[in-house]
Protein chains: 2
Amino acid sequence: MSRPPSARKQRADATLNRARIVSVARTLFAEHGSAVPLTEIARAAGVGVGTVYRHFPTHADLIEAAAEQRFAEIEEFARTECLRAEPGEGLARYLLHVGEVLAADRGLSAAIETARQSAGSEPRGESRGRLEDVIGELVERDLAAGTLRDDCTVADVYMIVGALSATIGSGSGDWRRLVRIVLHGLRPDAARRRSDE
Amino acid sequence: MSRPPSARKQRADATLNRARIVSVARTLFAEHGSAVPLTEIARAAGVGVGTVYRHFPTHADLIEAAAEQRFAEIEEFARTECLRAEPGEGLARYLLHVGEVLAADRGLSAAIETARQSAGSEPRGESRGRLEDVIGELVERDLAAGTLRDDCTVADVYMIVGALSATIGSGSGDWRRLVRIVLHGLRPDAARRRSDE
DNA sequence: ACCTGAACACCGTTCAAGT
DNA sequence: ACCTGAACACCGTTCAAGT
């Protein structure tokens, strides 16, 4: 489902190995963070190191692949829970949920950070693109409900998620409080409600 | 000035070497981030690797020592510029200034992150303690001026600086905008002005 | 076409020998 | 008391040999 058409003719063992590597990486990253030695992943997956490199040339590729599923899950949540929530509550629900997921999966923070690096240039995983669309809808919905200041953008949400990820990763501080503060900061200011250029 | 009384009898060359190492580390960290090989620092300082380890047993110790001066500078700024600013503008000035410094010194983010790790347990550098005091005054002053919600605390400021540090370090996103959003989020909400609890 | 794992490079850390 | 740098350990990455 994920393979581009040009690379269709894969050998059966190759496909299986790839799946095994991703599966193992997902577990180990979630538990110990994304700094797990590649050798360990290879051993746990029952393949040689070279095989890991063949499928995932750079470290970031593997991290990305391991995170794909989480992003798909988050997208699903955003569609079913956030887009159908009380008008104006979508973003709040979204940020709190992302926080929960980040807190439960230490490897995901790394995926978010490496995604940052290649911002705009690479096509990235496919879940990512769809997720971006949903976030766009989310923002527009809350804008219409009047709970967001009118200059709020998808880029803001990405920046905030990055900040949130770092806060959770560092383990200190009450990240839920940060979410509350930021959400409050994104509300329209009663004072400048109608002027605005 | 920084040495504890018990370790007074240091040999002249040891003191000099220590100073050289810190000086070199400061430059290299600022330029390339804190991931610079220790071998390179040793070479640039004109000492053997063993000497670096003798003075700074852990990597975090060196990062901390290199950052000390910056923290002192930030403290100075906080005292002269923020504590004497327009009432209610102290924290805003502080966060913007810290952002500038972080943007100009790539190594400082690492110092802030490692400071996080050992939060509460270790005595840390001396500038750190004094800085914490100033931030406390800053918060109280803005609270009195009515520009901060009454549950705002020094811990909030630390969490925010951490988030800011990560955002700047990742290089993507408009960190000044994040500061603006957060500051807005820390303003007292007109609606819940007196009830509370 | 794909896999394996030994080989190489690099960096962190220690420690015996030197002053 | 302190310094040096070779030695060891560990991990990332490549590539010749195998199926």
Side-chain angles (χ1 to χ4, degrees), chain A residues 2-25 27-29 31-66 106-107 110-111 113-114 117, chain B residues 2-25 27-29 31-66 106-107 110-111 113-114 117:
Chain A
S2 166
R3 216 112 302 293
S6 56
R8 236 18 182 75
K9 291 258 171 190
Q10 231 184 9
R11 232 168 58 182
D13 55 345
T15 317
L16 198 73
N17 278 335
R18 202 198 119 100
R20 258 205 283 260
I21 292 166
V22 173
S23 166
V24 164
T27 313
L28 292 181
F29 284 165
E31 235 172 314
H32 310 291
S34 56
V36 180
L38 279 199
T39 320
E40 211 163 306
I41 293 176
R43 190 160 43 77
V47 300
V49 254
T51 306
V52 177
Y53 278 94
R54 161 168 278 266
H55 288 290
F56 308 98
T58 89
H59 200 199
D61 290 328
L62 180 54
I63 291 175
E64 175 77 31
R106 296 193 50 193
E113 256 117 81
T114 57
Q117 309 288 6
Chain B
S2 167
R3 216 114 299 297
S6 56
R8 241 11 185 76
K9 293 260 172 189
Q10 229 182 10
R11 233 167 56 180
D13 55 343
T15 316
L16 198 74
N17 278 335
R18 201 198 120 100
R20 260 205 281 262
I21 292 165
V22 173
S23 165
V24 165
T27 311
L28 293 180
F29 285 165
E31 237 172 314
H32 311 289
S34 55
V36 180
L38 279 199
T39 319
E40 211 164 307
I41 293 175
R43 190 160 43 78
V47 301
V49 254
T51 305
V52 176
Y53 278 95
R54 162 167 277 265
H55 288 290
F56 307 99
T58 89
H59 200 198
D61 290 328
L62 180 53
I63 290 174
E64 175 78 31
R106 296 192 49 193
E113 256 118 80
T114 58
Q117 308 289 6

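Every chain is numbered from 1 and lettered A, B, ... according to where its sequence line falls, protein lines coming before strand lines.
- Note: CZ (Arg20(B)) to C1' (dC2(D)) measures 14 Å, nearest angstrom.
- Residue Tyr53(A) places its side chain closer to dG12(D) than to any other of dC2(D), dG12(D), dC11(C).
- Counting to the nearest Å, the C1' atom of dG12(D) and the CZ atom of Arg43(A) are 16 Å from each other.
- For Asp13(B) against Arg11(B), the heavy-atom pair with the smallest separation is OD2-NH2, 2.9 Å.
- In this structure the side chain of His59(A) reaches within 4.5 angstrom of the side chain of Leu38(A), judged on heavy atoms.
- Atom pair Ile63(B):CD1 and dG12(C):P shows a separation of 11 Å (rounding to whole Å applied).
- Pairing each heavy atom of Arg18(B) with each of Ala65(B), the nearest pair is NH2-CB, 4.4 Å.
- Across the strands present, dA7(D) finds its partner in dT13(C); the criterion is a Watson-Crick or G-U wobble pair with both atom distances under 3.5 angstrom.
- In this structure, CZ of Phe56(B) is placed 14 Å from P of dC2(D), rounded to the nearest angstrom.
- Across all their heavy atoms, Leu28(A) and Ile41(A) have their closest contact at CD1-CG1, 3.9 Å.
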Could you run down the sub-3.5 Å N/O contacts of the protein with nucleotides 3-6 of chain D?
| unit_1 | atom_1 | unit_2 | atom_2 | d |
| --- | --- | --- | --- | --- |
| dC3(D) | OP1 | Asn17(B) | ND2 | 2.5 |
| dT4(D) | OP2 | Gly48(B) | N | 2.7 |
| dT4(D) | OP2 | Thr51(B) | OG1 | 2.6 |
| dG5(D) | O6 | Gly50(B) | N | 3.2 |

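- How far NE2 of His55(B) is from CZ of Arg20(B): 10.5 Å, rounded to the nearest 0.5 Å.
- In this structure, dT19(C) forms a base pair with dA1(D), meeting either the Watson-Crick or the G-U wobble geometry with both donor-acceptor distances under 3.5 Å.
- Distance, Ile41(B) CD1 to dT13(C) C1': 14 Å, rounded to whole Å.
- Separation of atoms NE2 (His32(B)) and OG1 (Thr27(B)) is listed at 9.5 Å; rounding is to 0.5 Å.
- Across the protein-nucleic acid pair, Leu16(A) atom CG and dC2(C) atom C1' stand 13 Å apart, rounded to whole Å.
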